[in-house]
Chemist: 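Just passing along the structure, written as structure tokens.
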Amino acid sequence: MYESEFEQSVFDLRREKLRQIEALGHPAYPNSFAPENLKVLTLAAIRGEYDAFTGEALEKDRVNVAAAGRIMAIRAQGKAGFAVLQQNGERLQIYARMDAVGENAFQLYKLLDMGDHIGVSGYLFRTRTGELTIHVDTLTFLSKAMLPLPEKYHGLADVELRYRQRYVDLFMNADVREVFVKRAAILRAMRKFFDARGFLEVETPMMQPIAGGAAAKPFTTHHNALDIDLYLRIAPELYLKRLVVGGMDRVYEINRNFRNEGISTQHNPEFTMLEFYQAYANYKDLMDLTEELIQFVAMEVNGTTKTTFNDVEIDLSQWQRFTMREAIIKFWPTEAEPRPMLTDFESVESLLGWIDRTLEGNLEVRAGFVPKILGEPLIHLKSSSSYSPLYVALNFARNSLELEQAPLGKAIAEVFEAVAEPQLIQPTIIYDFPLAVSPLSKQKPDEPDWVERFEFYIGGFELGNAFSELNDPVEQRNRFLQQLGERERGDAEAHAMDEDYVRALSFGLPPTGGEGIGIDRLTMVLTGSRSIRDVILFPLMRPQAKQSDADAISE
RNA sequence: GAGCGCGUAGCUCAGGUGGUAGAGCAACGCACUUUUAAUGCGUGGGUCCUGGGUUCGAGUCCCAGCGCGCUCACCA
């Protein structure tokens with residue numbers, strides 16, 4: 001049954017112990033723990049109630065309690081013994097002595113192992129060292145740990161084992177449990193926030209015939225009875241806006257999206273997103289709402305707007321706002337002058353002019369920043385890690401502009417991501433995005449090449465994306481057609497045509513603001529977790545073949 | 001997808017320059033009726049990730065593969 005001899009022998013020994021426990025008259029797997037005349041309390045409730053009581057007070061008026069938990073430490077001492085029970089993240093010590101529990105129960109006690117579940121009843125007292133402890137009268141066996149627990153001092157430290165065997169990680173490492181308690185609190189706070197503002201929580205399809213609403217590669221699945229391929233959704237966006245057309249003026253959805261792309265400390269193939277839509281609002285309204293929301297959630301969850309991420313203190317009550325073009329100028333590194341000016345972003349020619357001045361000015365001067373590789377094809381640049389991201393981005397922008405592979409807006413967005421994004425540690429809203437990278441957003445009235453869209457950043461990565469929704473069906477159809485063009489040119493992430501969505505818009509979508517917020521990433525920020533896998537209970541791992549399977553495969 | 005690092009007992013980790021594998025916890029046995037990383041005495045436990053190669057000899061060196069982590073790319 002087990003690959004290791006050690007685990008198999010422990011398992012066999014524990015089965016023998018279970019047999020002995022049954023021989024003493026205790027069921028090996030009882031159906032419940034329900035002592036007579038005594039309500040079973042949680043360990044948290046007992047601690048909450050009696051942690052403040054002195055030993056004298058507990059001696060004067062005896063408090064009888066019943067509780068259950070997993071044995072996390074056990075210290076036998078002749079005809080008595082201590083054990084520490086753990087339940088729901090709370091711990092409490094128990095003390096069992098033969099003259100109190102009787103011969104039979106003490107025999108049972110001696111058959112207990114770390115990891116077993118037991119129930120006890122008895123009275124509370126304080127030991128010589130002052131620790132609150134249950135003096136056990138009756139001992140009930142509940143369930144056996146058939147495998148040995150990890151080391152009791154260091155716990156389970158191997159990162160891979162922690163993700164693969166989260167069930168062990170959770171009861172061994174208290175802080176892991178805390179992260180997921182907070183994650184639940186974050187979801188609760190978000191629902192509270194939106195419910196209080198008249199938003200309706202809805203659920204839209206996760207299996208979609210057209211995977212729309214974002215630029216990403218979808219997972220494909222198949223429905224047998226209908227014999228059709230379906231996609232796991234990459235975003236709920238287009239369905240939620242259909243609901244706004246239908247008169248649900250304020251809706252939100254919190255659930256999973258699936259994107260068939262790379263895995264990193266910031267990306268899991270399935271991730272949780274909050275998306276919400278508010279009729280008669282625009283992106284400026286959502287900026288205010290976003291700042292309010294993040295602060296509210298932080299206060300509800302942590303009781304403070306301060307949080308520490310990557311050893312940097314972040315204040316979620318202090319927000320900055322820049323346009324994308326302003327951000328490039330502001331965050332342009334001084335060692336890489338000339339810094340661009342707003343006019344440089346006006347046309348392909350002006351941008352190319354600035355890029356050339358910048359690359360020439362830096363050539364050979366600052367080796368760490370700009371290596372001498374101007375002539376190289378960009379395919380090598382993109383996948384190489386030996387050049388500065390800034391340099392790679394500038395070259396990519398320049399080459400794609402010269403070869404007319406990308407519009408001006410796409411090049412500017414490229415430069416922005418390389419220059420500014422890593423520096424956006426404190427809460428920052430970046431607004432006014434290029435039309436070219438925003439197929440679903442509404443144009444700015446005075447600058448038709450730019451749209452009313454913003455993203456917000458905390459800790460150096462993007463947490464949310466919002467815009468004034470494009471509600472002109474004719475324009476939307478044109479944008480889809482443009483995306484189809486990019487699809488034909490090989491962009492697998494370009495948007496597909498969604499005729500029914502255009503039809504929905506044709507019935508009239510009111511001016512609407514919509515936003516998506518990555519819950520996993522927000523949880524990272526609020527819990528100080530560096531990896532997204534630390535805030536997802538079961539992150540996707542490559543399945544591990546057993547040795548016997550591996551042999552079979554290789555044959 | 002690329003680069004770097006890691007993989008030794010159930011767990012946490014040691015194992016200069018190649019010489020047949022070790023500690024603590026856990027497990028098993030004994031002692032111990034207020035301990036708390038309990039203590040004392042004793043015992044067992046390993047395909048050193050997998051497969052090749054070099055060598056008289058490989059945990060150690062070389063090659064390939066697998067898994068994980070980090071960085072980068074894609075992306076949220």
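In the text below, chain A, chain B and the rest are named by the order of the sequence lines, each starting its count at 1.
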Chemist: 5'-most contact on RNA chain B: A:Arg530 or A:Glu421, nearest heavy atom basis?
Modeler: A:Arg530
Chemist: Give a yes/no verdict on a cation-pi contact between A:Arg70 and A:Phe171, requiring under 6.0 Å between NZ or CZ and the six-membered ring centre and an angle within 45° of the axis.
Modeler: yes
Chemist: What nucleic acid atoms does A:Gly518 come within less than 4.0 Å of, heavy atoms only: base, sugar-phosphate, or nothing?
Modeler: nothing
Chemist: For B:rG69, does either OP1 or OP2 sit under 4.0 Å from a side-chain N or O belonging to A:Arg533?
Modeler: yes
Chemist: By a 5.5 angstrom centroid cut-off and a 30 degree plane limit, is there stacking between A:Phe6 and B:rG45?
Modeler: no
Chemist: Can you measure A:Arg166 atom CZ to B:rC68 atom P for me and round it to whole angstrom units?
Modeler: 15 Å
Chemist: Under 4.0 Å: is that the gap between some side-chain N or O of A:Ser4 and OP1 or OP2 of B:rG10?
Modeler: yes
Chemist: Quick one: is A:Lys17 getting a side-chain N or O under 4.0 Å of the B:rC28 phosphate, OP1 or OP2?
Modeler: yes
Chemist: Under the criteria of a ring-centre distance below 5.5 Å and an interplanar angle below 30°, is A:Phe82 stacked with the base of B:rA38?
Modeler: no
Chemist: With respect to the phosphate group of B:rA37, does any side-chain polar atom (N or O) of A:Lys152 fall under 4.0 Å of OP1 or OP2?
Modeler: no
Chemist: Looking at A:Glu515, A:Arg453, A:Glu237, which one forms a side-chain hydrogen bond (donor to acceptor under 3.5 Å, both in side chains) with A:Asn465?
Modeler: A:Arg453
Chemist: Quick one: CG on A:Asp534 to CG on A:Asp520, what's the gap to the nearest 0.5 Å?
Modeler: 12.0 Å
Chemist: On RNA chain B, check which nucleotide each of A:Met98 and A:Val10 is closest to and give me the residue with the more 5' one.
Modeler: A:Val10
